[in-house]
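First the structure, in the form of structure tokens, and then the observations on it.
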Amino acid sequence: MSAPAYLAEIIRYFTAFLLACAAFGKLRTLAAFSHNLAESFGVPRRAAAVVAPAVVALEALLAALILAGGAVGRLGMGAALVLFVALTALVGYRYVVEGSVKCSCFGESERPVSGYDLLRNGLVIASIGVCLAFSGGAAFGRKDSVLAAALALIATIGAIGFHDLARALKRSA
């Protein structure tokens, strides 16, 4: 097991957990997510009622594909990369144009998107790229996989709270 391959495995779990948490958070507040699609992104209300659950289903499906591993996992990671790039570009554009946009990334329907959220997404995009570059046919034992998943879970918690962590660190500096 090489260090780059193990890092790729951690990132694979991280991406799957992040997508699963995003899907669960949006599902918990599906009506608010649908409302934010209409208000912040100009999606017609009827379309938002269809798009919101479709986004949740897509995030959950990608998480499952990534967790499956192997060729299916790589396909899921590639699709996750496309999803993150597209959503970050859209949210970033709306953020620059309107100044205040609500995304409900993890179910928080009232907090507007910040530059920290866009930075987090940029880091996620970069990490997925690293995973795709360094993942290979490396086989990991159960203990190695559990450790990778645990490290990924810690990173997932940090990524979900990135906005708050960054603000707290900025205030303390």
Next on the checklist: Please give me the minimum heavy-atom distance between C131 and A8, naming the atom from each residue.
Outcome noted: SG-O, 3.2 Å

Next on the checklist: Tell me the closest heavy-atom pair linking A80 and L19, and the distance in Å.
Outcome noted: CB-CD1, 3.9 Å

Checklist entry - Do V130 and L81 sit in the same hydrophobic cluster, where Ile, Leu, Val, Met, Phe, Trp and Tyr count as joined when their side-chain heavy atoms come under 4.5 Å apart? => result yes

Checklist entry - Would L37 end up clustered with Y95 when hydrophobic side chains under 4.5 Å apart are linked, directly or stepwise? => result yes

Checklist entry - Are I11 and V85 connected in the hydrophobic side-chain network, where two residues link if heavy atoms are under 4.5 Å apart? => result yes

Item to check | Derivation of the side chain to side chain contact (heavy atoms under 4.5 Å, CB included) call for F17 and L67 | outcome: CA-CA 9 Å; F17 294 162; L67 286 175; 4.2 Å; yes

Item to check | Ionic contact status for D117 with R120, cut-off 4.0 Å | outcome: yes

Checklist entry - For the side chain of R12 and the backbone of I66, is there at least one donor-acceptor N/O pair under 3.5 Å apart? => result yes

Checklist entry - Which atom pair, heavy atoms only, marks the closest approach of F140 to A5? => result CZ-O, 3.5 Å

Checklist entry - Checking side chain to side chain contact (heavy atoms under 4.5 Å, CB included) for the pair F134/L7: CA distance, chi angles, key distance, verdict? => result CA-CA 8 Å; F134 291 112; L7 177 62; 5.8 Å; no

Next on the checklist: Is the shortest side-chain heavy-atom distance between L18 and F106 below 4.5 Å?
Outcome noted: yes

Item to check | Rounded distance [0.5 Å steps], CG in L62 versus CZ in F84 | outcome: 9.0 Å

Item to check | Rounded distance [0.5 Å steps], OG1 in T29 versus NE2 in H35 | outcome: 12.0 Å

Item to check | Cluster check V82, L87: I/L/V/M/F/W/Y, side chain < 4.5 angstrom | outcome: no

Checklist entry - Atom OG1 of T15 and atom CG of L65: how far apart are they, to the nearest 0.5 Å? => result 13.0 Å

Item to check | Closest heavy-atom pair and its distance - P53, A48 | outcome: CD-O, 4.3 Å

Checklist entry - Between CD1 of I160 and CG of L165, what distance do you get to the nearest 0.5 Å? => result 11.0 Å

Item to check | Joint hydrophobic cluster, Y6 plus L132, side-chain heavy atoms closer than 4.5 Å | outcome: no

Checklist entry - Does anything in residues 25-43 pair up under salt bridge (Lys or Arg N to Asp or Glu O under 4.0 Å), and if so which pairs, sequence neighbours excluded? => result K26-E59, E39-R45

Checklist entry - With distance as the sole test, does S34 use its side chain to make a donor-acceptor pair with the main-chain N or O of A31 at under 3.5 Å? => result no

Checklist entry - Given the rule in the side chain to side chain contact (heavy atoms under 4.5 Å, CB included) test, do L151 and F14 qualify, once you have shown the distances and angles that lead to the verdict? => result CA-CA 8 Å; L151 293 170; F14 165 72; over 6 Å; no

Checklist outcome for this item: Closest heavy-atom pair, A63 versus A20, reported as atoms and distance to 0.1 Å, is CB-N, 3.9 Å

Checklist entry - Under the side-chain hydrogen bond (donor to acceptor under 3.5 Å, both in side chains) rule, what pairs show up with a residue in residues 70-91, not counting sequence neighbours? => result R74-S135, T88-N121

Checklist entry - Where do F41 and N36 land on the side chain to side chain contact (heavy atoms under 4.5 Å, CB included) test, with the steps shown first? => result CA-CA 7 Å; F41 297 97; N36 284 344; 5.7 Å; no

Checklist entry - So, S145 side chain and R142 main chain: donor-acceptor pair closer than 3.5 Å or not? => result no

Item to check | Distance in Å, M77 CE paired with L75 CG, rounded so as to fall on 0.5 Å steps | outcome: 11.5 Å

Item to check | L123: hydrophobic cluster co-members (side-chain, 4.5 Å) | outcome: Y116, L119, F162

Checklist entry - Out of curiosity, C21 SG to L153 CG, how far, rounded to the nearest 0.5 Å? => result 7.5 Å

